[in-house]
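Everything quoted here is computed from the prediction, not taken from an experiment.
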Amino acid sequence: MREKILSSVGTIPVIVNNLVGRGYVERLADQKDKRLCILHLTEEGRSVIQQAAPKNREMIREK
């Protein structure tokens, strides 16, 4: 996943915290392993992706 978003290991927590802060994802605790968390896309996050995805596809096609 990290390679797909062109990010380093150290920036993933910052990205996740920003997404949580903006209300795009929720961080849920894993019941079996407390070291892990599960990210859940919120309705607001889903809406943002639905708006951004077509624009991103078009930008990729243009290049």
Side-chain angles (χ1 to χ4, degrees):
M1 166 89 158
R2 180 178 51 83
E3 294 84 13
K4 289 183 180 184
I5 61 171
L6 303 174
S7 181
S8 69
V9 174
T11 59
I12 295 297
V14 174
I15 292 169
V16 170
N17 288 340
N18 288 339
L19 292 171
V20 170
R22 292 179 181 175
Y24 298 155
V25 297
E26 295 174 327
R27 187 183 285 124
L28 307 171
D30 185 295
Q31 297 302 315
K32 295 179 182 177
D33 189 342
K34 298 299 180 188
R35 298 171 297 173
L36 301 176
C37 68
I38 298 169
L39 300 177
H40 175 73
L41 190 61
T42 65
E43 286 301 319
E44 186 175 359
R46 190 174 313 278
S47 175
V48 168
I49 288 175
Q50 288 173 342
Q51 292 173 20
K55 294 176 187 175
N56 286 345
R57 277 190 226 110
E58 188 60 36
M59 287 173 41
I60 291 169
R61 282 188 201 130
E62 290 176 4
K63 293 183 179 201

Same cluster (ILVMFWY, side-chain, under 4.5 Å), Leu39 and Val48:
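Linked within one cluster.
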
Spell out, as yes or no, whether a donor-acceptor pair under 3.5 Å connects the side chain of Thr11 to the backbone of Val14.
no

The single option from Leu19, Val20, Ile38 passing side-chain contact (heavy atoms from CB on, under 4.5 Å) against Arg27
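One option only clears the test, and that one is Val20.
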
Shortest non-hydrogen contact from Val25 to Val16?
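Answer, listing the atom of Val25 first, then Val16: CG2-O, 4.4 Å.
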
Measure the shortest side-chain to side-chain distance between Leu41 and Ile49 over non-hydrogen atoms and say whether it is less than 4.5 angstrom.
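Yes, their side chains come closer than 4.5 Å.
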
